[in-house]
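Proteins come first, then strands; the chains are lettered A, B, ... in the order of their sequence lines, and each starts at number 1. Bear in mind the structure is a predicted one, so any value in this text is a computation, not a measurement.
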Amino acid sequence: MRLLKPKEAATLPREALEAHVVSLLRGCRGLLALRSAHAHLTRLRLPRLTAAFALSKLLAACASAPAPPAAAASSYARTLFDQIPDPTAFCYNSLIRALPAAGAAPAPALAVYRLMLRAGSPRPNTFTLAFALKACAAVPAPGEGRQLHAQALRQGLEASAYVQTGLLNLYAKCEQVALARTVFDGMAPDKSLVAWSAMINGYSRVGMVTEALGLFREMQAVGVEPDEVTMVGVISACAKAGALDLGKWVHAYIDRKGITVDLELSTALIDMYAKCGLIERARGVFDAMVEKDTKAWSAMIVGFAIHGLVEDALGLFSRMLELKVRPNNVTFIGVLSACAHSGLVDDGRRYWSIMQNLGIKPSMENYGCMIDLLCRSGLLDDAYSFVIDMPISPNSIIWRTLLVACKSSNRIDIAESASKRLLELEPHNPENYVLLSNLCASNSQWDRVSYLRKKMKDSNVTAVAGCSSIEINGYLHEFVVSDDSHPEIKEIRLVLREIADRVRRAGHKPWTAAVLHDVGEEEKEVALCEHSERLAIAYGLLKTKAPHVIRVVKNLRFCPDCHEVAKIISKSYNREIIVRDRVRFHKFIGGSCSCKDFW
DNA sequence: ATAGGGTTAG
């Protein structure tokens with residue numbers, strides 16, 4: 001387009017000047033272009049009102065720039081805003097949109113929203129609410145969000161579909177799915193795809209897989225066609241559930257519908273295949289990607305790590321550096337946990353310093369990986385000093401990691417202080433009581449075990465039950481410890497008995513120390529046989545034939561005795577068994593496990 | 001002018 005000269009501009013009417021501004025900004029891509037357009041407009045010495053118009057258009061362009069608001073863009077947006085004499089609601093809205101929503105509290109975007117309220121005029125409109133809600137969701141800030149909800153109601157802005165979707169998404173991000181659902185149900189029947197996707201994703205985020213998938217079916221039933229954003233939620237739900245058959249079906253559905261498999265969906269697919277135990281297919285999706293970013297690489301590296309494929313994980317990391325893709329904290333979670341799962345202490349330490357040389361500030365999770373690495377290699381003193389020297393206050397997971405390690409190396413000194421800190425941080429977490437009584441039980445301190453049990457009962461804490469699931473013909477069968485509710489429990493019991501016979505003949509002695517209660521050895525053996533993972537594996541043996549792989553997902557860590565038994569089963573029945581426990585995969589073939597018994 | 005998406009230690 002032709003640029004105006006200041007002399008020409010002086011002769012033109014306001015409408016013509018505004019049209020010039022609009023067409024000038026239409027061609028702008030990115031911050032630099034906006035700045036040079038701004039410089040040009042300044043040279044024109046526009047009349048006051050037209051200048052304000054130009055500034056608000058610049059501000060709006062700044063807000064809708066494709067990249068996420070970088071520091072430079074947001075400070076520029078603020079400069080623009082400050083030059084506008086009487087900012088309209090449109091100006092406030094653009095500024096809220098242009099400022100970073102996430103990050104330090106209070107988020108700058110929300111601060112501007114509050115500023116607007118305090119100024120008294122202009123009043124917020126539906127756009128303001130929608131942008132402010134988005135900022136709240138990005139933090140996420142549930143308290144602020146509720147205030148915004150109240151304000152939306154007070155100002156009569158709640159009828160807007162955009163405000164409703166904003167609220168729904170806010171609650172979903174805050175993991176308050178019940179509230180999100182209330183908003184969702186209150187929306188008009190012709191809900192947008194965006195609303196459906198946000199709700200499905202909300203369920204998926206909190207692990208309510210059945211609800212996520214149910215809603216996906218409902219959406220199809222009312223004739224709303226999903227897109228790639230919807231499918232990210234559905235695929236993530238499959239990943240969380242470890243539901244491989246379902247995940248495969250959904251992937252096929254994506255292909256059949258011609259839904260674009262973009263960067264985000266590919267990453268979700270990598271994660272799903274990795275978490276469902278098909279690491280080769282995860283690799284296939286990864287290799288087929290034309291564009292890969294840090295998150296895609298990280299998903300693949302973490303995938304290899306949970307499969308115990310340390311060479312693949314570390315090899316991919318080197319390749320990533322070669323290709324100049326910048327790793328982030330999550331990438332290093334993958335790298336460090338891969339080292340931890342294989343006992344590579346020196347390598348782990350080396351990667352730790354690489355991380356620091358790259359200027360990446362270690363997160364709580366990174367510290368956790370490092371402490372886990374040291375603990376697994378029996379370097380309890382190193383681990384403990386690492387914890388003490390952390391610049392951030394260690395969380396409960398870190399103390400628990402230490403405590404678990406104390407159990408196997410009998411370090412009562414460290415155990416005492418770790419358990420003290422743990423109970424201070426989390427007095428109501430049942431897991432801690434289970435762990436502590438486990439620790440006491442392995443030292444035969446039965447009086448302390450019963451003390452803990454009483455304390456647990458008094459404070460109304462109930463332990464999380466071990467739960468394992470197996471997918472048979474597309475149905476997810478769930479088993480909890482000592483579960484006899486399954487309709488085929490009689491047949492399952494027969495399989496369990498046969499397993500017990502074969503295991504005994506293989507010379508295995510049940511590792512009864514894994515049983516918490518102070519009961520006789522025989523009862524302990526029975527208790528072991530009722531562990532959820534064993535029930536699920538037995539059901540797999542009952543319902544499938546070789547070479548079908550028995551795939552089980554467990555919510556807690558593998559019981560050490562069941563781990564031994566699974567090895568024997570894989571050999572004796574000549575079956576491949578893959579179990580995903582809480583932290584990683586175990587692949588049993590011919591009597592040995594991919595974790596090499598190091599976990 | 002507006003709303004929805006991917007990787008995260010034990």
With heavy atoms under 4.0 Å as the rule, sort [X] into base, sugar-phosphate or nothing.
| X | answer |
| --- | --- |
| A/Leu263 | base |
| A/Ser363 | nothing |
| A/Arg376 | sugar-phosphate |
| A/Leu168 | nothing |
| A/Lys57 | nothing |
| A/Lys275 | sugar-phosphate |
| A/Asn201 | sugar-phosphate |
| A/Leu193 | base |
| A/Glu228 | base |
| A/Asn329 | nothing |
| A/Asn366 | nothing |
| A/Ala296 | base |
| A/Tyr367 | nothing |
| A/Met364 | base |

For A/Ser396, the option from A/Leu422, A/Asn432, A/Leu403 that meets side-chain contact (heavy atoms from CB on, under 4.5 Å): A/Leu422
Presence of donor-acceptor pair under 3.5 Å, side chain of [X] and base of [N]:
| X | N | value |
| --- | --- | --- |
| A/Asp293 | B/dG6 | yes |
| A/Ser192 | B/dA3 | yes |
| A/Glu264 | B/dG6 | no |
| A/Thr401 | B/dG10 | no |
| A/Asp372 | B/dA9 | no |
| A/Ser266 | B/dG6 | no |

Any side-chain donor near an acceptor of the partner, A/Asn328 and A/Thr331, under 3.5 Å: yes
Donor + acceptor pair across side chains of A/Tyr384, A/Ser417 (<3.5 Å): yes
Least distance between heavy atoms, A/Leu316 atom then A/Trp297 atom: O-CZ3, 3.5 Å
Closest approach of A/Leu168 to A/Ala195 (non-hydrogen atoms, all atoms of both residues): CD2-O, 3.6 Å
Can you tell me which nucleotide in [options] comes closest to the side chain of [X]?
| X | options | answer |
| --- | --- | --- |
| A/Asp271 | B/dG5, B/dG10, B/dT8 | B/dT8 |
| A/Phe90 | B/dG10, B/dA3, B/dA1 | B/dA1 |
| A/Arg97 | B/dA1, B/dG10, B/dT8 | B/dA1 |
| A/Thr267 | B/dT7, B/dG6, B/dA3 | B/dG6 |
| A/Leu265 | B/dG5, B/dG10, B/dT2 | B/dG5 |

Expressed as a whole number of angstroms, how long is the span from [X]:[atom1] to [N]:[atom2]?
| X | N | atom1 | atom2 | value |
| --- | --- | --- | --- | --- |
| A/Ile279 | B/dT7 | CD1 | P | 15 Å |
| A/Asp227 | B/dG5 | CG | P | 12 Å |
| A/Met355 | B/dT8 | CE | P | 17 Å |
| A/Leu170 | B/dG5 | CG | P | 12 Å |
| A/Leu25 | B/dA1 | CG | P | 12 Å |
| A/Asn328 | B/dG6 | CG | C1' | 12 Å |
| A/Lys554 | B/dG10 | NZ | C1' | 14 Å |
| A/His341 | B/dT8 | NE2 | P | 12 Å |

is_close_aromatic(A/Tyr203, A/Phe184), centroid dist under 6.0 Å: no
Validation row, ring centre A/Tyr162 to ring centre A/Phe127 under 6.0 Å: no
Phosphate OP1/OP2 of B/dT8 contacted by A/Lys240 side-chain N/O (<4.0 Å): no
Any A/Lys295 side-chain nitrogen or oxygen under 4.0 Å from OP1 or OP2 of B/dG5: no
Backbone of A/Arg205 reached by a side-chain donor or acceptor of A/Lys240 within 3.5 Å: yes
